[in-house]
Amino acid sequence: MEAIAAPICVNSFPEMMPQLLADLPSYSNRVIQRARKLERQEDTFSYVIEAGLPDFRPLALKQQQFTPSAADTTEQVFFSTLNRQYIKNQTITLENHHWLFVTPSSQGWAVVHLLSALHQTEPGAIAIPPRNATNGSVGKAIQLWLRDYNAYCPE
């Protein structure tokens, strides 16, 4: 496993995101390992191999809201992960797409919500709708990374 370098403290979430994505496979794989049962008959866990480049073009959600009572400081970003799963003697590679929402808090950046969807590779396949992945391995890994970043880079 690669050693994780100390973060470089930056002022904005877009500047921080490349660091998060570089560390995300290591953080995710540690979350996955902690979740595994020691006495298992079969191992079907995925391992995160790589996290893709971020896309900060937000979807326009303001038109779908009631009149806000507070300023919206939520940032959103899209990224993908490449996962590998080993089942018996077979290797399966999966691409997942993620839509992350974060907001500044009194302790630094915090996860609001994470939606994830599996990339469909077969033409004509029915798209799988996004699922709430805030408490999944990638969501927990992002929360842990932000905890560490916020501790190292207090505002």
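A quick note: this is a predicted structure, and the numbers were derived from the prediction, not measured. Both backbone and side-chain heavy atoms feed into the values below; hydrogens, waters and symmetry mates do not.
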Engineer: Before giving the answer on side-chain contact (heavy atoms from CB on, under 4.5 Å), spell out for I49 and N83 the whole-Å C-alpha distance, their side-chain angles and the decisive distance to 0.1 Å.
Structural biologist: CA-CA 5 Å; I49 301 168; N83 297 21; over 6 Å; no
Engineer: At what distance, to the nearest 0.5 angstrom, does CG of L144 lie from OG of S26?
Structural biologist: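 The distance works out to 12.5 Å.
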Engineer: Once side chain to side chain contact (heavy atoms under 4.5 Å, CB included) is applied, do any residues pair with N135, and if so which ones, sequence neighbours excluded?
Structural biologist: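 Here the qualifying residues are K140, Q143.
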Engineer: With rounding to the nearest 0.5 Å, note down the distance linking CE in M16 to CH2 in W145.
Structural biologist: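 If I round to the nearest 0.5 Å, the distance is 5.5 Å.
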Engineer: Just checking, any donor-acceptor pair under 3.5 angstrom between side chains of S80 and H98?
Structural biologist: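 No - no donor-acceptor pair under 3.5 Å links their side chains.
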Engineer: Closest heavy-atom contact between L146 and V102?
Structural biologist: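 Looking at all heavy atoms of both residues, the shortest contact is CD1-CG1, 4.3 Å.
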Engineer: Counting distance only, does the side-chain N/O of D55 pair as donor-acceptor with the main-chain N or O of F78 below 3.5 Å?
Structural biologist: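 The answer is no, because no donor-acceptor pair under 3.5 Å joins these two groups.
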Engineer: Passes side-chain contact (heavy atoms from CB on, under 4.5 Å), V111 versus T134? Steps please.
Structural biologist: CA-CA 8 Å; V111 172; T134 308; 4.1 Å; yes
Engineer: Is the backbone N or O of I87 less than 3.5 Å from a side-chain atom of Q90, with the two atoms forming a donor-acceptor pair by type?
Structural biologist: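 Side chain of Q90 to backbone of I87, a donor-acceptor pair under 3.5 Å: no, none is there.
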Engineer: Verify ring-ring contact (aromatic ring centres under 6.0 Å, His included) between W109 and Y149, making sure each step is shown before the conclusion.
Structural biologist: CA-CA 9 Å; W109 289 98; Y149 180 87; 9.1 Å; no
Engineer: Work out which heavy atom in L118 is nearest to a heavy atom in E95; give both atom names and the distance.
Structural biologist: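 In terms of heavy atoms, the two residues are closest at CD1-O, 3.6 Å.
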Engineer: Which residues satisfy the salt bridge (charged side-chain N to carboxylate O under 4.0 Å, His left out) test with D148, sequence neighbours excluded?
Structural biologist: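 If we apply the salt bridge (charged side-chain N to carboxylate O under 4.0 Å, His left out) test to D148, skipping adjacent residues, there are no hits.
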Engineer: Taking all non-hydrogen atoms of both residues, which atom of A51 and which atom of L21 are closest, and how far apart?
Structural biologist: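 Scanning both residues, the minimum pair turns out to be CB-O, 3.5 Å.
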Engineer: For the backbone of I8 and the side chain of Q19, can you confirm whether one donor and one acceptor N or O come within less than 3.5 Å of each other?
Structural biologist: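 Indeed, once roles are kept as given, a pair shorter than 3.5 Å links the two residues.
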Engineer: Heavy atoms only: give me the nearest I32-S137 pair and the separation to one decimal.
Structural biologist: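 For I32 versus S137, the nearest heavy atoms are CG1-CB, 3.6 Å.
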Engineer: Using side-chain contact (heavy atoms from CB on, under 4.5 Å) as the criterion, point out the one residue from T103, V77, T74 that pairs with F13.
Structural biologist: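 So, applying the side-chain contact (heavy atoms from CB on, under 4.5 Å) to F13 and each of T103, V77, T74, only V77 qualifies.
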Engineer: Just wondering, are more than 12 heavy atoms of other shown residues or ligands nearer than 6.0 Å to CG in L94?
Structural biologist: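 Yes, CG of L94 has more than 12 neighbouring heavy atoms, counting only those of other groups under 6.0 Å.
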Engineer: Which pair of heavy atoms, one from M17 and one from P54, lies closest together, and at what distance?
Structural biologist: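 For M17 versus P54, the nearest heavy atoms are CG-CB, 3.7 Å.
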Engineer: With rounding to the nearest 0.5 Å, note down the distance linking CG in N132 to OG in S116.
Structural biologist: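 With rounding to 0.5 Å, CG (N132) is 8.5 Å from OG (S116).
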Engineer: Check whether T93 reaches the backbone of R84 with its side chain - one donor and one acceptor, N or O, closer than 3.5 Å.
Structural biologist: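 Answer holds: no.
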Engineer: Can you tell if the side chain of R147 reaches within under 4.5 Å of the side chain of Y152, non-hydrogen atoms only?
Structural biologist: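 Of all side-chain heavy-atom pairs linking Y152 with R147, none is under 4.5 Å.
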Engineer: Check A141 against L24 and note the closest heavy-atom contact, atom names and distance.
Structural biologist: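 Minimum heavy-atom separation between A141 and L24: CB-CD1, 3.8 Å.
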Engineer: Dump the intermediate steps for side-chain contact (heavy atoms from CB on, under 4.5 Å) on Q76 and W99, then the final yes or no.
Structural biologist: CA-CA 7 Å; Q76 54 181 300; W99 187 12; 2.8 Å; yes
